[in-house]
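Order of the sequence lines sets the chain letters (A, B, ...), proteins ahead of strands, with each chain counted from 1.
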Number of protein chains: 2
Amino acid sequence: MARKRDDDSKTNCAVEASLGVIGGRWKGVVLYWLLKGTHRFGELRKRLPNCSQRMLTLQLRELEEDGLVKRTVYAEVPPRVEYELTAFGRSLEPVLMGLREWGEKYKRRLQRAA
Amino acid sequence: MARKRDDDSKTNCAVEASLGVIGGRWKGVVLYWLLKGTHRFGELRKRLPNCSQRMLTLQLRELEEDGLVKRTVYAEVPPRVEYELTAFGRSLEPVLMGLREWGEKYKRRLQRAA
DNA sequence: CTGGATCCTAGTTGATACTG
DNA sequence: CAGTATCAACTAGGATCCAG
């Protein structure tokens, strides 16, 4: 989804604001894994095999901008970069869990239909 | 956001599945209003002034396909079409409320930052 | 009134190659 | 390892016109 902050900020529906933040193609999953603990960039790549490196970088940068994720660069060789949730990011936990539960329901429904 | 059902169904993360369904640019808001009751097409248009007629139609069709929304056409002149949530659609209520609450928090945060 | 069909553009994404 | 740069391709979305 495109980020259209102007539109989002103009709207009076907070649901839209939330989806603007976590609605990106891969953000939900990234947040979901980070909820389980700190991850290095390469670890996240393994978690999201269908997400290109470029996209993962972009999505992480946006999450960082929104204050949900903290990025820590270690001055080592080879380089190491770790991502973790901020306190604000962790405040999304109940929402993400709700999404996950409903997603399970949805998937079960799809199976019955098939 | 683009709909990539194949990817979504392949993933084992249910969060992604949920966002695939409600993550569309306008779906969250549409669902939010339908939660408050049945709406005619024109009423929804007024609720979403920034959403073009075409987009609203497309998003409603997808929600209908996903079994969240029921579309009722009345054989009248002028035509009348009403949209309402299905039982399955209403099962999203707690999730949407969670999104709304978090969105409020996020917006307050933005204000403090500014 | 509620859309469907078509055309068109801007923005998004993937593939690939390169770098500190 | 963890990115950035660049280019090509795709697609979402707007505008407009038509129809039951």
Side-chain angles (χ1 to χ4, degrees), chain A residues 1-8 10-11 16 19-30 33-34 38-66 69-84, chain B residues 1-8 10-11 16 19-30 33-34 38-66 69-84:
Chain A
M1 183 192 303
R3 289 177 73 87
K4 309 207 171 167
R5 275 173 204 284
D6 296 24
D7 291 356
D8 284 343
K10 258 181 277 178
T11 184
E16 229 181 320
L19 288 176
V21 175
I22 67 169
R25 180 77 184 80
W26 305 102
K27 290 185 188 174
V29 210
V30 171
W33 286 113
L34 290 183
T38 302
H39 281 71
R40 297 184 55 168
F41 184 76
E43 290 171 338
L44 283 174
R45 287 214 64 188
K46 283 173 206 155
R47 303 294 199 188
L48 291 85
N50 295 120
C51 177
S52 70
Q53 185 186 48
R54 194 178 97 98
M55 270 303 102
L56 182 55
T57 300
L58 290 175
Q59 302 272 288
L60 284 168
R61 288 294 180 283
E62 291 192 353
L63 291 171
E64 199 189 347
E65 274 180 50
D66 285 325
V69 164
K70 180 172 164 229
R71 178 173 179 261
T72 310
V73 183
Y74 295 87
E76 302 174 354
V77 176
R80 180 161 59 107
V81 180
E82 288 187 348
Y83 294 90
E84 63 186 315
Chain B
M1 182 192 306
R3 290 177 73 85
K4 311 207 169 168
R5 273 176 206 281
D6 296 25
D7 291 354
D8 283 345
K10 258 181 278 178
T11 185
E16 227 183 319
L19 288 175
V21 175
I22 68 171
R25 179 78 183 83
W26 304 102
K27 290 185 187 175
V29 210
V30 170
W33 286 113
L34 290 182
T38 301
H39 281 72
R40 296 186 54 171
F41 184 76
E43 288 171 338
L44 283 175
R45 288 214 62 189
K46 282 173 207 155
R47 302 294 198 186
L48 290 84
N50 295 118
C51 177
S52 70
Q53 183 188 52
R54 192 177 97 98
M55 272 303 102
L56 182 55
T57 301
L58 289 177
Q59 302 272 290
L60 284 168
R61 287 297 179 281
E62 292 192 351
L63 290 171
E64 199 188 348
E65 274 179 50
D66 285 324
V69 164
K70 180 171 164 227
R71 178 171 179 261
T72 310
V73 183
Y74 296 87
E76 304 173 356
V77 177
R80 178 162 60 106
V81 180
E82 287 187 348
Y83 294 90
E84 62 186 315

*Just to confirm, is there a sub-4.0 Å distance from OP1 or OP2 of D:dG13 to any side-chain nitrogen or oxygen of B:Ser52?*
no
*Interatomic distance where CD belongs to B:Glu43 and C1' belongs to C:dT2 [whole Å]*: 13 Å
*asked:* How close do A:Trp33 and A:His39 get, counting heavy atoms only, and between which atoms?
replied: O-CE1, 3.2 Å
*Which part of the nucleic acid, if any, lies within reach of B:Tyr74 when heavy atoms closer than 4.0 Å are counted: base, sugar-phosphate only, or nothing?*
nothing
*Can you find a heavy atom in the side chain of A:Tyr83 that is under 4.5 Å from one in the side chain of A:Leu63?*
no
_Nucleotide C:dG3, atom C1' - distance to CD of B:Glu82 in whole Å_ = 16 Å
*A:Arg25 vs C:dT12: side-chain N/O to OP1/OP2 distance below 4.0 Å*: no
*Tell me which of B:Cys51 and A:Gly42 sits closer to the 5' end of DNA chain D, going by the nucleotide each one is nearest to.*
A:Gly42
*Can you sort out the partners of A:Glu64 under salt bridge (charged side-chain N to carboxylate O under 4.0 Å, His left out), two or more places apart, ordered by chain and number?*
none
*In whole angstrom, give the distance that lies between atom CG of A:Leu44 and atom P of D:dC1.*
14 Å
*With A:Val73, which residues qualify under side chain to side chain contact (heavy atoms under 4.5 Å, CB included), at least two apart?*
A:Arg71, A:Val81
*Could you state the atom-to-atom distance from CG of B:Leu48 to C1' of D:dG14 in whole Å?*
16 Å
*Can you sort out the partners of A:Arg40 under side chain to side chain donor-acceptor pair (under 3.5 Å), two or more places apart, ordered by chain and number?*
none
_d(CZ, B:Arg45; P, D:dG14) in whole Å_ = 11 Å
What are the atom names and distances for every N/O pair under 3.5 Å that joins the protein to nucleotides 16-20 of chain D?
none

*Work out how much the helix from C:dC1-D:dG20 to C:dG20-D:dC1 bends between its end axes, five pairs an end, to the nearest 10 degrees.*
50°
*Using atom CG of B:Leu58 as one end and atom P of C:dA5 as the other, report the distance to the nearest whole Å.*
11 Å
*Whole-Å distance between D:dG3 C1' and A:Glu76 CD?*
16 Å
*Closest non-hydrogen atom pair between A:Lys27 and A:Gln59, with its separation*: CG-OE1, 3.2 Å
_Measure CE/B:Met55 against P/C:dT9 and give the value in whole Å, please._
17 Å
*Residues in side chain to side chain contact (heavy atoms under 4.5 Å, CB included) with A:Leu56, at least two apart?*
A:Val30, A:Phe41, A:Leu44, A:Arg45, A:Cys51, A:Leu60
*Go through the structure and list residues passing salt bridge (charged side-chain N to carboxylate O under 4.0 Å, His left out) with A:Glu84, not counting sequence neighbours.*
A:Lys70
*How would you list all residue pairs meeting salt bridge (charged side-chain N to carboxylate O under 4.0 Å, His left out) that involve residues 72-81 of chain A, not counting sequence neighbours?*
A:Glu76-A:Arg80, A:Arg80-A:Glu82
